[in-house]
Structure formats: structure tokens, C-alpha cells
Amino acid sequence: MKRKAFLIIGVTAAFAAMATAQTTAKTIIPDDVVFDEYGAVAMSLTGVAGDAANGRKLFANRKLGNCLACHVNSEITEQAFHGEVGPSLDGVADRWNEAELRGILTNSKNTFEGSIMPSFYRTSGFTRPLEKFEGKSILAAQDVEDILAYIRTLTE
Amino acid sequence: MIKPNLQRVASIVTVAALTFSLNAAVASDLVINEEISLTNETAAPAHLENLTTIYSGWNFRKSETQSLQMDDFDNPGMIFVDQAIDQWNVVEGEAGKSCAACHTGGVEEFAGLRAVLPRYDEEAGGIQSMEDYINECRTDRMQADAWKWSESKMTAMTALIGLQSRGMPVNVAIDGDAAEAWELGKEIYYQPVGQLDMACASCHEDNYNTYIRADFLSQGQTNGFPAYRLKNAKLNSIHARFKGCMKNIRATPYKEGSDEFRALELYVASRGNGLSVEGTSVRN
């Protein structure tokens, strides 16, 4: 019993350490992200190169990216259900450059006015958020960079 | 009666979970027990600016789920209607009365009621839902405890009373004294909320007839409520459904039985004016 508690604390501490390691470099907090007039974000949110393999996992994860809720993606065939609320992301890296894609991921509303697509890296301006999500973004900065690295591989 | 039904439900749930077939808002007819023809598709009411045709949620379900609702013997929700028929005669509370003691004409007295609820009630000074009327009888006339908004006895009783209006067109009033609450309901319907920042309209107006991952979106109509859901194997109230949808978009739901949810219930019901009251629907 005690050992287990220790283990959990240990793991949590390790995660916390990881999170701070990631945030110390030059993580930009959501409210400070700079968008250009078309909604693109030129600067990396963390300064750490994205991990496309991890990004692929986040893309499908229902609690994190859950991008498959709305987008068909032929590169992920092992998942049965691809939503069709948004456009297919096949070849999306040919249509948008890195800064544009980062902008769409960070806050799609700056690129597509009134979009149903959630803003994945935003902490303010929500109405009635559930308490446990208050002041939190859906994705962490590095998650955005990882998903970005992954969707940058989606070329025709 | 109850046991075999439950067994059948169990096997049905397995079948429904294993069978995936593509779907669309098919224009097939919803006929119950091969005799009661329901309106599951009709012209949108005049106040609806962004839709021309309205559809029952039934249209968007897989054929296996659809057929469960087409025969009362297969409809798992009917088990709860049977329970409410028993409850109707149960004496409870200080006044020593059952529902039947006052409603001497039987539950048939309530034919037409579901179709016009929720509605503005002068005495209450606001919008009242079926649950409010049931609880008013329980507390004031029976001197019994109020039921919780979505507890099983309540959803069962709303199912029994609703069934008396099966086939009648939803026809809630939105003008006069109801107008203020209706406007509030409309505002809530179009207000993006939660961390996912979506409104009811984002899914049920802009994207119905579309898959959102494994879920096929309907127009979010309430004419089939209370709805038996295969997912939780019980009857679900309208407010519980609203609550679920709000939590899914990570929004703090209003309370069941709150004025906000009554207003939203009125507004959503009005979007379905013209569709048939289904009695007790089956959804996934």
C-alpha cells in the first residue's frame, strides 16, 4: 500500500519535472502567442522540435487532440471511426505551411472565423468551462508542436 | 412480463454494439406496431431561420436501433412504462392518495399534454415542465416527497404520461408569456460554451447528418423523450441529455430543473414543432 503511494508520487514528480523542463526553455503561454493577420503563428510554442510519432498518438487520442472526431485521415487506418465535420486532412501539409498550421492548431478561430474547431492552445475567453478545465488549454504547448510535426508529414 | 423483456434487451444491446452500418437521415417512415404512423420528417416551423426540414432523432439511428422503436414489445423503454402503470395506483404521502385517486379518468386524461410542454404557467409564474407538474401533485396534493428530476420513477412516469400523446404534433407556445423564456432558451442554444467552445447549434444545426467520430449527429430534437438509451439501459430525461451534451464539450451544465434548462427545453421543443410525440424513443 505504502509502496504504491510512493510510486504514484514518484511518477507524478517525474511528470512535473518533465513539464517544467519543457516550460523553462521558451514556452510561450497561450495568451502571449502572436498571430499574424491571417491567423498564422510563426514562432514555435516551445522551441523544442516536435515529435511526429507522439503527435500521431495525440491526434487520435480522444481526450487530447481527438482530431479524428472531425477529420478523416487516411494515414491512420487502424482507427475505425473518422469524423467528417471538418475537411479530410489528407495532403494538408501541401495546402498550408508550418506557421499556418500552427495557427490553426493553436486557435483555429483566427484562421476560420466562427469555426466549430476547438482552440487547442487557449486559456481565456471561454464561457462556463467545467471547473476542472478552467484556465487550462486542451493541449500543452509541446503537444501542439508534436501534432504539428505529425500533420506536416501529411503530403499527397 | 419484465424478466423476458430484460433478457431480450441484453441480447439486443450486444447485437447493436456489434453491428455497424453506415447511416443517413433516411426518409423511411416511423410506424409503430404496424399501425401508428408518426411524423418523423416535416417542414421546419416558421421561427426556425436556418433549417427548412426537421427530422426526428430516430432517422439518424442505425436500422437495428430504429426497429426496436417500431414495436412496443421490442421497445425496452416500455418496461418502465409498465412500472409507471403500477406506480400510478400506489398510495404515497400524508394525504393517503395515489395518482389514480385524483385522476379518475385514468392516465388517458393526459392525452395532448406532452405535445404542449413545457409551457408558461401563470400560477408558477414561469415555464413548467412535465416533471414540475408531477412533483406538484406529489408534494401539494399527495403530501409525498418530490422525485428527483431524472430519477427512474420520474422518467418512467413522464414516459407513461407522454405516451398518451403519441402521434400528436409537438406544439409548444413560444409567444405571449412564454416569449421571454423562449428568447433565453434560444440564446443558450447559440452560445458557444465550455473548453471546446461549441454551441448546441454547432452540432445539431450546422452539422447534423454528419459523423463526429463514431457518433452520427441528429438535429437534437426532444420529441422522442424520455429516451431509452442502449448506452445506459434506462430512460433519460431531456434535462439529463442537455447536461450530458454540455459536459461533453467540457462546459458546466445548468442544473436539471433550473430555469435555464426549462427555457432551453422550451426552445428546443419549439424547434420540433410539427414532429410527432413519439412516446418513448430508443436511441443509442
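Each chain gets a letter, A, B and so on, in the order its sequence line appears, and its residues count up from 1.
Contacts of R62(A) with chain B are made by both backbone and side-chain atoms, with heavy-atom separations under 4.5 Å. With a threshold of 4.5 angstrom between heavy atoms, K132(A) does not approach chain B through any atom at all. Both the backbone and the side chain of P253(B) come within contact range of chain A, judged by heavy atoms closer than 4.5 Å. For chain A, the nearby part of N207(B) is the side chain; its heavy atoms alone come within less than 4.5 Å. Interface remark: S115(A) contributes no atoms to any contact with chain B (heavy atom separation under 4.5 Å).
We find the CD1-CD distance between I212(B) and E84(A) to be 10.5 Å, quoted to the nearest 0.5 Å. To the nearest 0.5 Å, atom CG of residue L196(B) and atom CZ of residue F133(A) are 8.0 Å apart.
Cation-pi geometry between R213(B) and F81(A) is not satisfied (NZ or CZ under 6.0 Å from the ring centre, within 45° of the ring normal).
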Check: L130(A) and M246(B): side chain to side chain contact (heavy atoms under 4.5 Å, CB included), yes or no, with the steps?
Finding: CA-CA 9 Å; L130(A) 266 180; M246(B) 287 189 77; over 6 Å; no
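Looking at E131(A) and T252(B), their side chains never bring a donor and an acceptor atom within 3.5 Å of each other. Q195(B) and R128(A) form no side-chain donor-acceptor contact under 3.5 Å, judged by distance and modelled atom types alone.
Nearest approach of I116(A) to M198(B), heavy atoms of both residues: O-CE, 3.7 Å. Pairing each heavy atom of F126(A) with each of G194(B), the nearest pair is CD2-O, 3.4 Å.
For Q191(B), the CD atom sits in a packed shell: over 12 heavy atoms of surrounding residues, nucleotides or ligands are nearer than 6.0 Å. When the shell of 6.0 Å around NZ of K109(A) is examined, it contains more than 12 heavy atoms from other residues, nucleotides or ligands.
Top candidate by heavy-atom pairs under 4.5 Å with chain B, chosen from Q79(A), M117(A), E134(A), is Q79(A).
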